[in-house]
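Below is one structure, written out as structure tokens; the observations come after it.
In what follows, chains carry the letters A, B, and so on, assigned in the order in which the sequence lines appear, proteins first and then strands, with residues in each chain numbered from 1.
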Amino acid sequence: MKPKANPPLHEQELLERAHQLAGLSLGDIANDAEIAVPTSLRKEKGWIGLLLEHVLGATAGTQAKPDFDELGIELKTIPIDFTGKPLETTFVSVAPLMGLVGATWQTSHVCHKLARVLWVPIVSEKHLAIKDRIVATPFIWSPSEEQASLLANDWQELTDMIVLGEVEKISGKYGQVLQLRPKAANSQAKTKAFDKDGNLFMTLPRGFYLKTQFTHELIKQHLRTN
DNA sequence: CATTGATCATGG
DNA sequence: CCATGATCAATG
């Protein structure tokens, strides 16, 4: 495998680098980086994201930082169909179930992660082999006031329920644009939380995810302003 | 067929 | 276990 690309020095450089990938297949990109392309993502669900991090020169690695730390930009690949509709929700971050006293939307991981995002949409219809999936047009996004408001409302609703000890009452149905769902190695994984009576108990770890309707809007918004 | 719940790999 | 990267797959 070729070494990871040098980190881009400016946002514009990152965006230009990303734009050069538009129209290329994952096979082309991986071959150039001398990385083997898996036949299935079943055992390597994060492969596409890691490939793009590698070729774009992301710096954070496994750290809890933005992918391009110096630029304060988070990288998100997103699978879409040929019309631009997202095929999956987008994982944002693990949800803290403890230590939420005094937590606000402004201080939340979700708010920080979504402050500035380089979206790399990839035409990733299931019938396409991994190597034949095509990078569409990447774009950099920050939430509009309206989008931030929607996100903040959902975050507050879900966080309130966690604080009230109702985490196990939460299903993916809650939230207009942001949902809370399991995020774990398997259904046996456990983390600490409080129940309704304020007692500690072990529950499935959860994560915040952006619903596809929301990310679809981002993509359409970008197409309009392009 | 959209959605929710379950799952896979890796590093610290 | 938690945080990184997400998609798989059962269900309604």
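The base of B/dT7 is paired with the side chain of A/Lys45 by a donor and an acceptor separated by under 3.5 Å. You won't find any donor-acceptor pair under 3.5 Å spanning the side chain of A/Lys43 and the base of B/dT7, going by distance alone.
Residue A/Gln179 places at least one side-chain N or O closer than 4.0 Å to OP1 or OP2 of B/dT4. Note on A/Ser187: a side-chain N or O is less than 4.0 Å away from OP1 or OP2 of B/dT7. In terms of phosphate contacts, A/Thr89 brings no side-chain nitrogen or oxygen within less than 4.0 Å of OP1 or OP2 of B/dT3. Between A/Lys76 and C/dT4, a side-chain N or O to OP1/OP2 separation shorter than 4.0 Å is absent.
Between A/Gly46 and A/Arg181, the residue anchored closer to the 5' end of DNA chain B is A/Arg181, taking for each the nucleotide with the nearest heavy atom. Both A/Arg42 and A/Gln213 sit near DNA chain B, but only A/Gln213 has its closest nucleotide nearer the 5' end.
The interatomic distance linking A/Lys183 (NZ) with C/dT4 (P) rounds to 8 Å, in whole Å. Rounded to whole Å, the distance from CD1 on A/Ile35 to C1' on B/dA9 is 15 Å. Taking atom CZ on A/Phe214 and atom P on B/dT3, their separation rounds to 16 Å, with Å as the unit.
With distances taken from any side-chain atom of A/Lys190 to the nucleotides B/dT4, C/dG5, C/dC1, the minimum falls on C/dC1. The side chain of A/Leu50 sits closest to C/dG5 out of C/dG5, C/dA6, B/dG5. For A/Asp67, the side-chain atoms get nearest to C/dG5 when compared with the rest of C/dA6, B/dT4, C/dG5. Checking C/dC2, C/dT7, C/dG5 against the side-chain heavy atoms of A/Glu88 singles out C/dT7 as nearest. Ranking C/dT7, C/dT4, B/dA2 by closeness to the A/Lys85 side chain, first place goes to B/dA2.
Residue A/Lys113 is classed as a sugar-phosphate contact, given heavy-atom separations below 4.0 Å to backbone atoms only. Nucleic acid contact class of A/Ala185 (heavy atoms, under 4.0 Å, all strands): base. Heavy atoms of A/Leu87 sit nowhere under 4.0 angstrom from any nucleic acid atom. When heavy atoms are screened at a 4.0 angstrom cut-off, A/Tyr209 is found touching base atoms of the nucleic acid.
Within a 6.0 Å sphere centred on CZ of A/Phe201, other residues, nucleotides and ligands contribute more than 12 heavy atoms. Under a cut-off of 6.0 angstrom, the local environment of NZ in A/Lys131 is sparse, with at most 12 non-hydrogen atoms contributed by other residues, nucleotides or ligands. Counted within 6.0 Å of CD on A/Gln221, heavy atoms from surrounding residues, nucleotides or ligands total more than 12; the atom is thus considered enclosed.
Shown are A/Leu128, A/Ile122, A/Val37; of these, the side chain to side chain contact (heavy atoms under 4.5 Å, CB included) with A/Leu26 is made only by A/Ile122.
Between the side chains of A/Glu157 and A/Asn153, no donor-acceptor pair of N or O atoms lies under 3.5 Å.
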